[in-house]
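Just so you know, these numbers use all the heavy atoms, side chains as well, and skip hydrogens, waters and symmetry mates. Chain letters run A, B, ... following the sequence lines, proteins first, then strands; residues in each count from 1.
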Amino acid sequence: MIGASLERLNYLFATVLSHLDLASARSTATLKHELEELSDLPETKIRIIAIIGSLALLGFIVELVRRRRLKEEYSVLWVTTAVVLLALALSGGLLEILTHAIGAISQASTLFFFGIIFVVFLLLHFSVRVSKLERRMTAMIQEMALQNERNGPAAPESNGRSPEAEETVPPVDDRPASRSGSPPPA
Amino acid sequence: VYARPVSAHKLLIIIPAFNEQGRVGNVIADVKNTLPDADVLVIDDGSADQTAAEAIEAGAIAVSLPVNSGYGVALQTGYKFAARHDYEIVGQIDADGQHKAEYLLTMLKALQEQKADVIIGSRFLERDGHYQPSLARALGIGLFARIASLITHQHVSDPTSGFQLMRIEVARFFCTDVYPTDYPDADILILLHRTGYRVFEVPVQMRPSPGQSMHTGASSPYYVYKMMLSILVTLLRPGAKDTP
């Protein structure tokens, strides 16, 4: 009885021990595996952040267009960028290939490289837009001036345009019939 | 077409003016004395003083740009005015009194006799002029005069002159986007040449400038850069007289 129970205890102990051993062996393997993965971990993190980021950017752009804060016309460049970013984030291989192609060491610098290129293009795009706006504004300024020509003492001079002329003359439609070509009464 | 006499009220003299109170009136009087039949248009380029009022007082038509927009924009406004009111010949003269209106007669004669489209009053064609630019400015003007001469195969002595006379066709041409409103200068001569217009110079004498000119100095680095670029792209664009 006692012998039997002793034997039993012994067996139990052995089992526990073997279990313990097994457990420790398994944990070492997992640890090793995890250690291996650890080197990949920052990339994974970056990828997750990049995916979330580009999705957020895409969503934000769509939202801006929906609220009419951004014209569809202008969204093209932004949507393209967001989609490219998303593609890069989703497929790690693509970024790797790109990194290799441009001779960069870190994938992060590849992202920065293309990010800066994008920003440069965007600024150029804005310069083009500003030039266009300026041209249109010039045409408008000229048009305003031409619509408001004044000549001769017949028209009350200074319709309150310049701050110095504080003669409290109310704005008058000073475009008399004597427009085209007629000599202004001297 | 070119022998057409200038009938009364078909001649418009444009005076772009920015803060030229006290001077612009004299220029208008000068022009009106020389050409009693001409209409005078003052483009007040957003002046803070009484330039427009003085112009009206002196018998000119005044058009006021709501904001200061620069010499080129002011000039183009004048061309637009001329085009809309069917003038036949458009002249331009500086508001600071540097140009002597009497030369408008010579220029008008030249425009009709030389079968030209544009006449430019040159300060350097005859070396006896009173005009003494600073060294840097002279270098700038000289450089672009040389470039313009090379490209147009024609002697250009004063590409920066604001003293000009042109046919309405040219003014209409200038109303379009081809006109470089920021710095109209030597590039315009090249543009005109490439479009097929004939440009001639006539010697004029200048009064010494009383103040700083509306033309930003031909010596500033930006001017040199802009003019180089402008000339280059003018040459790169398709030429030929298809635009007007």
For A:His125, look at atom NE2 and say whether over 12 heavy atoms of other residues, nucleotides or ligands are found less than 6.0 Å away.
yes

Is a side-chain donor or acceptor of A:Gln142 paired with a backbone partner of B:Val73 at a separation under 3.5 angstrom?
yes

To the nearest 0.5 Å, what is the distance between NE2 (B:His85) and CG (A:Leu146)?
8.0 Å

Out of curiosity, B:Ile61 CD1 to A:Glu149 CD, how far, rounded to the nearest 0.5 Å?
6.0 Å

Are A:Asn148 and B:Val63 packed together at the side-chain level, in the sense that at least one heavy-atom pair is separated by less than 4.5 angstrom?
no

Looking only at B:Leu12, B:Asp177, B:Val42, most heavy-atom pairs under 4.5 Å shared with chain A are made by B:Asp177

How about B:Thr181 and A:Arg135: does a side-chain donor come under 3.5 Å of a side-chain acceptor?
no

Chain B contact via A:Glu143 - which portion, at a heavy-atom distance below 4.5 Å
side chain

Do you know the tightest heavy-atom contact between B:Ser64 and A:Arg150?
OG-NH2, 2.6 Å

For A:Leu123, does the CG atom have more than 12 heavy-atom neighbours from other residues, nucleotides or ligands under 6.0 Å away?
yes

